[in-house]
Amino acid sequence: MRKYFVTGFYLLIIGGILLLGGILLGANTSVVWDHGFKVAQKVDETYPLNNFKNVYVEGQDANVNFKLGDRYKIHIDGDKSQAPSYKVKKDTLTINGKKNNKHVGVNVLGHVKVTITIPMNKTLDNVNLRLANGTVNINDVTINNLVKTAKDMDYDANLYITDATINNLEKINLYDATFNVANSKINNMTLVASQYSDVIMKNSTLVKTSINLNESTLKVKQSNLDTMNSLANHSRITMDKVVFMNKNDFRLFSNGHFTGSDVTADGLDLTTADGVVRVMDKNYGHEYQNKVDASNLLSVKATKGSITMK
């Protein structure tokens with residue numbers, strides 16, 4: 001019995017060495033089930049597209065990127081058996097992904113990556129994203145209407161917006177996901193974040209925004225907020241070097257926490273029913289008010305939790 005164990009141990013080591021050598025030499029390293037076991041094949045291709053103004057993407061296990069370039073085109077990088085289908089019809093680019101087949105062995109192909117390129121002088125009218133278990137990156141693009149929902153409530157997709165202009169985000173749903181905005185301008189946003197989602201905004205301007213948080217966090221840094229309304233349950237809100245314009249209203253429930261650091265507002269209206277309001281390291285009990293009739297007002301009201309202004 002010991003001889004068989006020793007022999008098996010050495011075979012395992014030899015197999016591992018051969019597998020590593022194959023990977024280093026560029027061999028295929030995935031076996032997929034697609035009506036039978038097949039060796040995975042990699043696709044890394046760019047395809048030209050007819051002009052389009054709208055984009056609809058639905059699928060899972062895919063990373064989708066939007067960027068500016070020289071012409072309309074799509075680039076697909078990943079497992080060929082998982083490559084999505086796509087078509088342009090009536091000014092709309094439609095992309096439908098495939099379900100991720102089970103891999104056997106070592107899988108180094110990862111998620112399929114889809115890059116959508118539009119010309120430098122063009123904008124998109126409507127972008128509708130229904131994705132699960134992936135990441136969406138929107139860079140440098142102007143979009144008039146953007147909608148993002150979770151295809152699978154257990155596996156949402158993260159959304160990153162950088163150096164972009166979005167005129168309407170009427171519906172953004174997050175479920176245990178990240179929404180990151182940097183160096184961008186966003187108007188008319190409605191966002192619902194739940195199940196430990198993170199909403200992060202930096203160096204951006206947001207106008208007429210509605211955010212509902214449930215067991216999630218909102219962090220805004222070095223940004224301008226014009227008319228933001230927020231309802232937060234079991235959530236944390238942090239504002240750092242933020243300029244508040246017009247009325248910005250935050251409501252916190254069930255152990256919510258609000259922290260502001262080096263913020264700019266003409267007036268403050270801070271109230272907590274069960275907690276402490278602290279302004280510049282001074283305890284004001286349950287309430288602090290200063291110029292509540294100001295046009296640029298920050299209003300924070302909590303049922304249970306602390307409000308801290310530094």
Side-chain angles (χ1 to χ4, degrees), residues 55 65-68 118 120-129 135-148 158-174 177-193 197-213 216-232 235-252 258-270 291 294-300 307 309-310:
V55 179
N65 304 314
F66 291 81
K67 70 173 188 176
L68 295 179
I118 66 172
M120 298 287 290
N121 60 340
K122 300 296 182 179
T123 64
L124 294 174
D125 284 345
N126 300 285
V127 174
N128 193 321
L129 307 171
T135 297
V136 179
N137 287 280
I138 298 174
N139 299 308
D140 302 304
V141 178
T142 297
I143 300 174
N144 288 326
N145 298 284
L146 172 63
V147 175
K148 176 201 168 295
N158 301 317
L159 175 59
Y160 294 83
I161 298 176
T162 306
D163 298 313
T165 298
I166 314 294
N167 291 321
N168 290 283
L169 272 78
E170 296 181 356
K171 186 178 181 182
I172 299 293
N173 286 342
L174 301 176
T178 296
F179 177 38
N180 191 301
V181 178
N183 307 315
S184 298
K185 183 176 182 179
I186 296 178
N187 300 314
N188 305 313
M189 181 174 77
T190 300
L191 182 149
V192 177
S197 293
D198 292 317
V199 181
I200 304 166
M201 302 172 182
K202 185 176 181 181
N203 295 328
S204 297
T205 297
L206 292 95
V207 180
K208 295 182 180 179
T209 303
S210 175
I211 295 180
N212 290 347
L213 304 171
S216 298
T217 61
L218 169 62
K219 298 178 181 179
V220 184
K221 185 174 183 179
Q222 294 177 328
S223 297
N224 300 319
L225 300 184
D226 185 343
T227 317
M228 175 177 283
N229 295 300
S230 175
L231 298 177
S235 300
R236 290 181 175 271
I237 297 176
T238 303
M239 300 284 164
D240 183 16
K241 297 180 181 178
V242 173
V243 177
F244 293 96
M245 296 175 287
N246 293 305
K247 186 175 181 180
N248 296 268
D249 196 356
F250 296 84
R251 296 289 183 268
L252 291 83
F258 184 99
T259 302
S261 176
D262 195 17
V263 304
T264 300
D266 293 338
L268 296 175
D269 186 5
L270 314 175
K291 299 180 180 179
S295 57
N296 298 320
L297 177 69
L298 170 60
S299 176
V300 183
I307 301 173
M309 303 298 293
K310 302 177 181 178

Checklist entry - Please walk me through it: do Phe179 and Leu169 pass side-chain contact (heavy atoms from CB on, under 4.5 Å)? => result CA-CA 12 Å; Phe179 177 38; Leu169 272 78; 4.1 Å; yes
Just to verify, what does [X] make a salt bridge (Lys or Arg N to Asp or Glu O under 4.0 Å) with, not counting sequence neighbours?
{"X": "Asp163", "result": "none"}
{"X": "Arg236", "result": "none"}
{"X": "Lys247", "result": "none"}

Set of side chain to side chain donor-acceptor pair (under 3.5 Å) partners for [X], sequence neighbours left out:
{"X": "Asp240", "answer": "none"}
{"X": "Asn137", "answer": "Asn65"}
{"X": "Lys185", "answer": "none"}

[X]: what forms a side-chain contact (heavy atoms from CB on, under 4.5 Å) with it, not counting sequence neighbours?
{"X": "Val242", "value": "Val220, Leu225, Met239, Phe244"}
{"X": "Val141", "value": "Phe66, Leu68, Ile118, Leu124, Ile138, Ile143"}
{"X": "Lys291", "value": "Ala294"}
{"X": "Thr264", "value": "Val243"}

Counting C-beta onward and ignoring hydrogens, is there a side-chain heavy-atom pair between [X] and [Y] closer than 4.5 Å?
{"X": "Leu270", "Y": "Met309", "result": "yes"}
{"X": "Asn224", "Y": "Met245", "result": "yes"}
{"X": "Val300", "Y": "Leu252", "result": "yes"}
{"X": "Leu174", "Y": "Val199", "result": "yes"}
{"X": "Leu206", "Y": "Met201", "result": "yes"}

Checklist entry - If we ignore angles and hydrogens, is there a donor and acceptor under 3.5 Å between the side chains of Asp198 and Thr217? => result yes
Next on the checklist: Show, in sequence, the C-alpha distance, side-chain angles and deciding distance for Ile166 and Ile161, and conclude whether the side-chain contact (heavy atoms from CB on, under 4.5 Å) test is met.
Outcome noted: CA-CA 9 Å; Ile166 314 294; Ile161 298 176; 4.3 Å; yes
Return the [atom1] to [atom2] distance between [X] and [Y], rounded to the nearest 0.5 Å.
{"X": "Asn139", "Y": "Ser184", "atom1": "CG", "atom2": "OG", "value": "8.5 Å"}
{"X": "Asn168", "Y": "Asp125", "atom1": "CG", "atom2": "CG", "value": "11.0 Å"}
{"X": "Ile237", "Y": "Ser216", "atom1": "CD1", "atom2": "OG", "value": "10.5 Å"}
{"X": "Asn144", "Y": "Asn126", "atom1": "CG", "atom2": "CG", "value": "7.5 Å"}
{"X": "Asp249", "Y": "Ser230", "atom1": "CG", "atom2": "OG", "value": "9.0 Å"}
{"X": "Arg251", "Y": "Asn212", "atom1": "CZ", "atom2": "CG", "value": "13.0 Å"}

Least distance between heavy atoms, [X] atom then [Y] atom:
{"X": "Glu170", "Y": "Asn145", "answer": "OE2-OD1, 4.2 Å"}
{"X": "Leu298", "Y": "Ala265", "answer": "CB-CB, 4.2 Å"}
{"X": "Met228", "Y": "Asn248", "answer": "N-OD1, 2.8 Å"}
{"X": "Asn296", "Y": "Asn246", "answer": "OD1-N, 2.7 Å"}

Next on the checklist: Between Ile186 and Thr205, does the side-chain contact (heavy atoms from CB on, under 4.5 Å) criterion hold? Intermediate values first, please.
Outcome noted: CA-CA 6 Å; Ile186 296 178; Thr205 297; over 6 Å; no
Item to check | With sequence neighbours excluded, residues passing ring pair (Phe, Tyr, Trp, His ring centres under 6.0 Å) with Phe250 | outcome: Phe258
Next on the checklist: I need the full list of salt bridge (charged side-chain N to carboxylate O under 4.0 Å, His left out) pairs touching residues 261-270, with sequence neighbours left out, sorted by first then second residue.
Outcome noted: Asp269-Lys301
Checklist entry - Do any N or O atoms from the side chain of Ser223 and from the backbone of Asn203 form a donor-acceptor pair under 3.5 angstrom? => result yes
